[in-house]
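Each remark here refers to the structure printed beneath this line.
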Amino acid sequence: MSETLIDVETPNPMRAVATLPTGFGRLWTAQTVSSLGDGVTHAALPLLALTLTRDPMALAVVTAAGTLPWLLFGVLGGALVDRWDRRRTMWVADTMRAVLLAIPAAAAVLDVLSIPLLAAVAFLLALGGLFFDTAATAYLPDLLGRDPALLERANSRLRGTQTAASGFAGPPAGSALLTLGRTVPLLADMVSFMLSALLVRSLPAVPRPAAGARESLLRQARAGASYVFRDRLLLGLALRPAVGNIAFLAVETVLALFARERLAMGPFGFGLLLTAEAAGGLLGAGIASFLGRRLGTGTALTCTAAVEGLAILGLAGAPNPYVAGLALAVCGAGMGATMVLAPSLRQAIVPARLMGRVASTSRMLAMCAAPVGAFLGGWLATTYDLRTPLYAAGGLLLAMTAVTATMTSNRRVETALRNATTPGPGQQPTDVPAR
């Protein structure tokens, strides 16, 4: 791997010319294949639920179930990932998710599919996703030698292709496959998980972090959570998706119903609406590095968060599907850039021995907030109307942007990267939290 030169005086210190290792290509392919299947299921699950009920609160149950594993097992899952072989954790999780999808497929064939069953499947799929995503997040910086520039480039490619697969191709395919039968999209996702598991098994082994003193799992989990809460930059990076998920889940819970009742869109149109969001996400992922260089990573993250809030307000007032699609595309662009810049920064500054726990703590904060958003969206839609959750979500996103702006400033980013690459005497790289 070629040497990376970091200039801490520029707005974005994560700049370099380096080559991604060959193993990254297999990880990239595995996640792209799996994301395609996820996109199919992402569109099919709410549409499957709509064939069983029109109750917004029942739909909220299915949506919220997919977030509960992070609430119940998030930090402990990260501690386990820091103990386990990360490559093995990924392929086992994908294999189990493939097996799990056979259950709702069989229920659909036997005509016993129900909202409780869909909620249970969503919960278990998310549990598998917890272990896979945490392991993948911890595996990537080890694979790339914790090179900040490589991490930014790799995350841009991962985010871009995942968005294209799960957003562009997946939702329309899921909607179309659903017309062929209720089992078809579920079987398609099952195949994607199996292929992903096979590819992950072929990934190169990476050194595991050196084992520390024997500690209980709970103590190790607390150490990871404490590291996040003591570091204002990491805390700011974690709070944005946490508050954001309240807003986004409030929108997602009612989006299928909003598209049908307010925008007069059918199942295929709903898939295209999700594709518009994915198109913006692909653009955002592609320009994330440019924004970071021009504005600085901290300022870029603040700007993208503001764009998301304004776009959701635009969606709430959309008079037709075209304006709604444009608003979702703009929101997706903000999300796409954020989901390249923030993880790359976190992976560059967090010690390898804590990576699984820090990643899972950050993700847990985000996912714990999601059920609140799901039920808030259902309640606001039931009590008021379908536009109210969208207006509330946009306002919440803008408020969150203002609160966290100083926590993720350019100055804090530059200091954290400088500490990660040039520790003081007696310190290990990335072991110094930014105050």
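Worth knowing before you read on, the calculation uses all heavy atoms, side chains too, and leaves out hydrogens, waters and symmetry mates.
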Between [atom1] of [X] and [atom2] of [Y], what distance do you get to the nearest 0.5 Å?
{"X": "R97", "Y": "L127", "atom1": "CZ", "atom2": "CG", "answer": "10.0 Å"}
{"X": "L100", "Y": "L125", "atom1": "CG", "atom2": "CG", "answer": "4.5 Å"}
{"X": "R387", "Y": "L380", "atom1": "CZ", "atom2": "CG", "answer": "15.0 Å"}
{"X": "E252", "Y": "L274", "atom1": "CD", "atom2": "CG", "answer": "8.5 Å"}

W84 and F131: aromatic ring centres closer than 6.0 Å? yes

Polar side chain donor-acceptor pair, T302 to R240, under 3.5 angstrom: yes

Is the shortest side-chain heavy-atom distance between [X] and [Y] below 4.5 Å?
{"X": "V307", "Y": "C331", "value": "no"}
{"X": "F193", "Y": "M96", "value": "no"}
{"X": "S362", "Y": "R346", "value": "yes"}
{"X": "I349", "Y": "L233", "value": "yes"}
{"X": "L301", "Y": "L237", "value": "yes"}
{"X": "E308", "Y": "T338", "value": "yes"}
{"X": "Y384", "Y": "Y391", "value": "no"}

Grab the two heavy atoms, one from [X] and one from [Y], that are nearest each other, plus how far apart they are.
{"X": "Q31", "Y": "A136", "value": "NE2-CB, 3.5 Å"}
{"X": "I115", "Y": "T53", "value": "CD1-CG2, 3.7 Å"}
{"X": "L354", "Y": "Y227", "value": "CD1-CD1, 3.7 Å"}
{"X": "I312", "Y": "G394", "value": "CG2-N, 3.6 Å"}
{"X": "G224", "Y": "T361", "value": "C-OG1, 4.0 Å"}
{"X": "L365", "Y": "A238", "value": "CD1-CB, 3.8 Å"}

Are R260 and F270 in a cation-pi contact, defined as NZ or CZ under 6.0 Å from the six-membered ring centre and within 45° of the axis? no

Name each donor-acceptor pair under 3.5 Å that joins a side chain in residues 320-328 to protein atoms two or more places apart or in another chain, with its distance.
unit_1, atom_1, unit_2, atom_2, d
N320, OD1, Y322, N, 3.0
N320, OD1, V323, N, 2.9

Let me see the working for L199 and W91 under side chain to side chain contact (heavy atoms under 4.5 Å, CB included), right down to the final yes or no. CA-CA 8 Å; L199 285 167; W91 71 256; over 6 Å; no

Side chain to side chain donor-acceptor pair (under 3.5 Å) against T388, all qualifying residues, sequence neighbours excluded: D385

For S34, which residues count as a side chain to side chain donor-acceptor pair (under 3.5 Å) partner, sequence neighbours excluded? none

M339 CE: over 12 foreign heavy atoms closer than 6.0 Å: no

Should the heavy atoms of other residues, nucleotides or ligands under 6.0 Å from CZ of R54 be counted, would the total exceed 12? yes

Ionic contact status for D142 with R86, cut-off 4.0 Å: yes

Using side chain to side chain contact (heavy atoms under 4.5 Å, CB included) as the criterion, point out the one residue from L398, V330, L397 that pairs with L310. L398

